[in-house]
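Throughout, a chain's letter reflects where its sequence line sits, starting with A, and its residues are numbered from 1. What you see is a predicted model; the values in this text were computed from it and never measured.
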Amino acid sequence: MLRSWRKRLEQALISFVQQAYSLPLERVDFAVPPRIEFGDLSTPVAFDLAKPLRKAPRLIAEDIVNKLGPVEGIRRMEAAGGGYVNVFFDRGLFAYELYNNARRGAAGLVADAPWSGKTIVEHTNINPNKAAHIGHLRNAVIGDTFVRLLRYLGERVEVQNYIDNTGVQVADVVVGFLYLEKKSLAEVQAISGKFDYYCWDLYAKIAEFYAGEAANLALRSRTLRALEAGDNETTELADHISTRITQAHLATMARLGVTYELLPRESDILHLRFWEHAFKLLKERGAIIYAQEGPSAGCWVMRMPEGDEAAGDAEETEKIIVRSDGTVTYVGKDIAYQLWKLGLLGMDFYYRPFMRYPSGQRVWVTLATPCPGETPPSFGGAQRVYNVIDTRQAYLQKVVGQGLRALGFVGQADNSIHFSYERVALSSACAAELGYQTEADANPRATVDVSGRKGQGVKADDLIDKLLEKALTEVQARHDIEATEARRIANQIAVGALRYFLIKYARNSLIAFDFKEALSFEGETGPYLQYTVVRANNIFRKLYEAGDRSADQLTALTTAPLLNGFLEAAPDIWELVAMTARFSDMARLAVQTMEVSHVAKFAFALAQKFNLFYHRHRILSEPDPSRKLFLLAVADLLRTILTGGLELMGMEIPERM
RNA sequence: GCGCCCGUAGCUCAGUUGGAUAGAGCGUCGGACUUCGAAUCCGCAGGCCGGGGGUUCAAAUCCCUCCGGGCGCGCCA
């Protein structure tokens, strides 16, 4: 809605500049003034006109203010500072329209029509050979929040979680079971308890096993080849491991409200010969070549230009795509997968249902052979793909893009976007707490890497359990309610705290994980936001309990003149109202910049404003009925918008806190 | 060596396409619960935005350079 108001003003300014100065303007930029006294919108347009008009910006601004004439919804304008044009809305009219839109529900908030085509977001992508840890959670929560943002803006989104079930990491655990623990498939199947935790420990032992005897490392290559060939006992064991671990990952993510639609498996890319097809194309185009000599002799490699070629110091590095033992690296398989995602491969998977969420939503998994039963939805073939992968893989993503370009898919390569983010490391204190380093080693400024290979990290389920336990204590300290209800609320709080913690940092910022911060429920945290909405909801619950039904017809009773009277007299409340209008702008910005932390920062700022409002104005005991109506409308607007913000972040609103 | 990222208050971090007096949280200290629930609110203190140069009417933001830190450059992913 704010956008249409802005548009109206922009049009008026453009035609005025055309008329008065005979200058064509394509667009006018607007900003939110730093303080509410400066108005509701501000434009530096006079600064841009200063040069062509050879006139001081301040004078141009005054000219615009004096001569522009009336614009619907604009109460007044003024020239300010060195040449800003500050614009003041008709507060009543604005609030009235805003409130009526919001009351229509989510649809009232959505501003954009969907553009044609489908968007695939690929996230999580944990190697299915061990339990998920805190680093994986950051990926999944950022990815899931981004998906919610895209859907809010009206885009058609398909969520994929790639299962790398034929890679070295799975092979390592297979080797661990077969040769280190000497277990048969049946024995592995019989392992009870948390299988992902069991594999976490086993995987941590494998490096030592390889280092022990030279022959041990050959077992990895042998296992890897068996996995690619398929249809053997080794593959059966690997399938059991990766499927069981994938189930564990999906269960962990479901605890946080993160869901998927398709699990594309790497083994199917191989067995359906997606890779062979892509390999053929790459060879035909000369995108990859066979290395006769040098360190990569016997491998198929892609040449990557490096340095400034024009300057003549063009050095080339080689990226191995097919190993000398004939197996394919991750990059090779990813090129084939990207081609499929963008609908460029001309081949498709087979599918079967993998599991069903409590909501009824279904997750599908790819297959290499036809499967009778339900017809799957149409997967793949997207116009645009976001790959949520941490920044350390930027080089590999570049190689994959290079591969697509070499095949002639230049525009499509640009539409396959690396959604890059920094990793989570352990703070020094945290690493010491977990016994990964001694107090003496601890450098308070440094961090310790999370490493699945070393078995170092905070496991996702452990962290969620810890949050849950703390939340339960807090809930029980405040309310005397039955156990299941307390647990449900504690769960909502735990999830809110964790998701907010993982979203509030900009994606470029490395998170030094610290239990004290992650487990905090005060200040800039998820529970703070939830508490804010709970407070607002309580007002309406109390009202209802007292038999007051006026809230049911708030919009009918709340007229623009009534709103205007109060809003003109209360700049702090107007500031709160005006801020809620920026919700859609914020969502658009978050998608444009691929920065989900904007949602977090916006929601927090809004909650702060509301808590201040809540503190200053007592609503239920307000004696003036029309003022009470006004305050109720403000609280109602706020809780609607803030609830929408929390939904974007995957946070639920507890009944009480 | 080459490439990418970062450096803002004691600590952890925000800061829209360059815009008006650089903001939060935590921590410290001091206040506010007979009130719609204090998981809250208010106040105090705390900054050559790593250094230097440049572009601009305007730089924390863009360019150059130096210093300090992280990551990548595997027949792992």
Under the ring-ring contact (aromatic ring centres under 6.0 Å, His included) criterion, do A:Phe613 and A:Phe610 qualify, and how do the steps go? CA-CA 5 Å; A:Phe613 164 85; A:Phe610 178 75; 5.6 Å; yes

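By the ring pair (Phe, Tyr, Trp, His ring centres under 6.0 Å) test, A:Phe419 pairs with A:Phe146, sequence neighbours left out. By the salt bridge (charged side-chain N to carboxylate O under 4.0 Å, His left out) test, A:Arg58 pairs with A:Glu62, sequence neighbours left out. Residues satisfying the side chain to side chain donor-acceptor pair (under 3.5 Å) criterion with A:Ser597, sequence neighbours excluded, are A:Glu595. In terms of the side chain to side chain donor-acceptor pair (under 3.5 Å) criterion, A:Asp514 has no residue partners (sequence neighbours excluded). Among residues two or more places apart in sequence or in another chain, the ring pair (Phe, Tyr, Trp, His ring centres under 6.0 Å) test is passed with A:Tyr500 by none. The side chain to side chain donor-acceptor pair (under 3.5 Å) test applied to A:Asn537 returns A:Arg639, not counting sequence neighbours. With sequence neighbours excluded, no residue satisfies side chain to side chain donor-acceptor pair (under 3.5 Å) with A:Arg656.
As judged by a 4.0 angstrom heavy-atom cut-off over every strand, A:Arg535 is placed among residues touching the sugar-phosphate backbone only. Among the protein residues, A:Val475 comes within range of the nucleic acid bases, having at least one heavy atom under 4.0 Å from a base atom. A:Ile619 comes within 4.0 angstrom of a nucleotide base, judged by non-hydrogen atoms across all strands. A:Asp172 comes within 4.0 angstrom of no nucleic acid atom, judged by non-hydrogen atoms across all strands.
A:Arg323 has a side-chain polar atom (N or O) that falls below the 4.0 Å cut-off from OP1 or OP2 of B:A77. At the phosphate of B:G25, OP1 or OP2 sits under 4.0 Å from a side-chain N or O atom of A:Gln608. In this structure, A:His598 reaches the B:G15 phosphate: one of its side-chain N or O atoms is under 4.0 Å from OP1 or OP2.
Between the side chain of A:Asn611 and the base of B:A38, no donor-acceptor pair of N or O atoms lies under 3.5 Å. If you check distances only, the side chain of A:Arg478 does reach the base of B:A39 with a donor-acceptor pair under 3.5 Å. Contact of A:Thr329 with B:A77 (side chain to base): no donor-acceptor pair of N or O atoms is detected under 3.5 Å.
Between B:G27 and B:C11, the distance separating the two C1' atoms is 7 Å to the nearest Å. Taking atom C1' in both B:G43 and B:G53, one finds a spacing of 42 Å when rounded to whole Å. A gap of 15 Å separates the C1' atoms of B:C36 and B:C41, to the nearest Å. Taking atom C1' on both nucleotides, B:G19 is separated from B:U12 by 28 Å, rounded to a whole Å. With both ends at atom C1', the span from B:A9 to B:A24 equals 11 Å, rounded to whole Å. Distance noted for atom C1' between B:G46 and B:A59: 25 Å (whole Å). For the P atoms, the distance linking B:A14 with B:C73 amounts to 25 Å, nearest Å.
One can place OH of A:Tyr544 at 21 Å from P of B:C36, the figure rounded to the nearest angstrom. Nucleotide B:G18 holds its C1' atom 11 Å from the CG atom of A:Asp29, rounded to whole Å. In this structure, the NZ atom of A:Lys470 is 9 Å from the C1' atom of B:A39, given to the nearest Å. Taking atom CD on A:Gln393 and atom P on B:C73, their separation rounds to 10 Å, with Å as the unit.
No donor-acceptor contact under 3.5 angstrom links the side chains of A:Lys319 and A:Gln402, judged on distance only. No side-chain N or O of A:Glu228 forms a donor-acceptor pair with one of A:Thr166 less than 3.5 Å apart. A donor and an acceptor atom, one from each side chain of A:Arg138 and A:Tyr421, are nowhere located under 3.5 Å apart. A donor-acceptor contact closer than 3.5 angstrom is absent between the side chains of A:Thr124 and A:Asn139. A:Asn538 and A:Arg541 form a side-chain donor-acceptor contact under 3.5 Å, judged by distance and modelled atom types alone.
Checked against B:G19, B:A39, B:C75, the side chain of A:Asp48 finds its nearest nucleotide in B:G19. For A:Ile320, counting side-chain heavy atoms from C-beta on, the closest listed nucleotide (B:C41, B:G25, B:C75) is B:C75. The A:Glu474 side chain lies nearest to B:A39 when the options are B:A39, B:A20, B:G25. For A:Tyr614, the side-chain atoms get nearest to B:A38 when compared with the rest of B:U21, B:A38, B:C71. Of the listed nucleotides (B:A39, B:A20, B:C76), B:C76 has the atom at the smallest distance from the side chain of A:Val168.
Sorted by first and then second residue, the salt bridge (charged side-chain N to carboxylate O under 4.0 Å, His left out) pairs involving residues 596-625 of chain A (not counting sequence neighbours) are A:Glu524-A:Lys601, A:Asp572-A:Arg616, A:Glu622-A:Arg627.
Annotation: proximity of residues 218-226 of chain A to RNA chain B (heavy atom, distance under 4.0 Å) is found for no residue. Within residues 499-511 of chain A, the residues that have a heavy atom under 4.0 Å from RNA chain B are, in order of number, A:Tyr505, A:Ala506, A:Asn508, A:Ser509, A:Leu510. Listed by residue number, A:Glu517, A:Phe521, A:Glu522, A:Gly523 are the residues of residues 516-523 of chain A with a heavy-atom contact under 4.0 Å to RNA chain B.
For the pair A:Arg453 and A:Tyr203, the NZ or CZ position fails the cation-pi test of under 6.0 Å to the six-membered ring centre and within 45 degrees of the ring normal. A cation-pi arrangement is absent between A:Lys504 and A:Phe604, since the terminal nitrogen or guanidinium carbon is not both under 6.0 Å from the aromatic centre and inside a 45° cone about the axis.
With pairs defined as Watson-Crick or G-U wobble and both atom distances under 3.5 Å, the stems of at least three pairs that touch RNA chain B come out as B:1-7 with B:67-73, B:10-13 with B:23-26, B:29-32 with B:40-43, B:50-54 with B:62-66.
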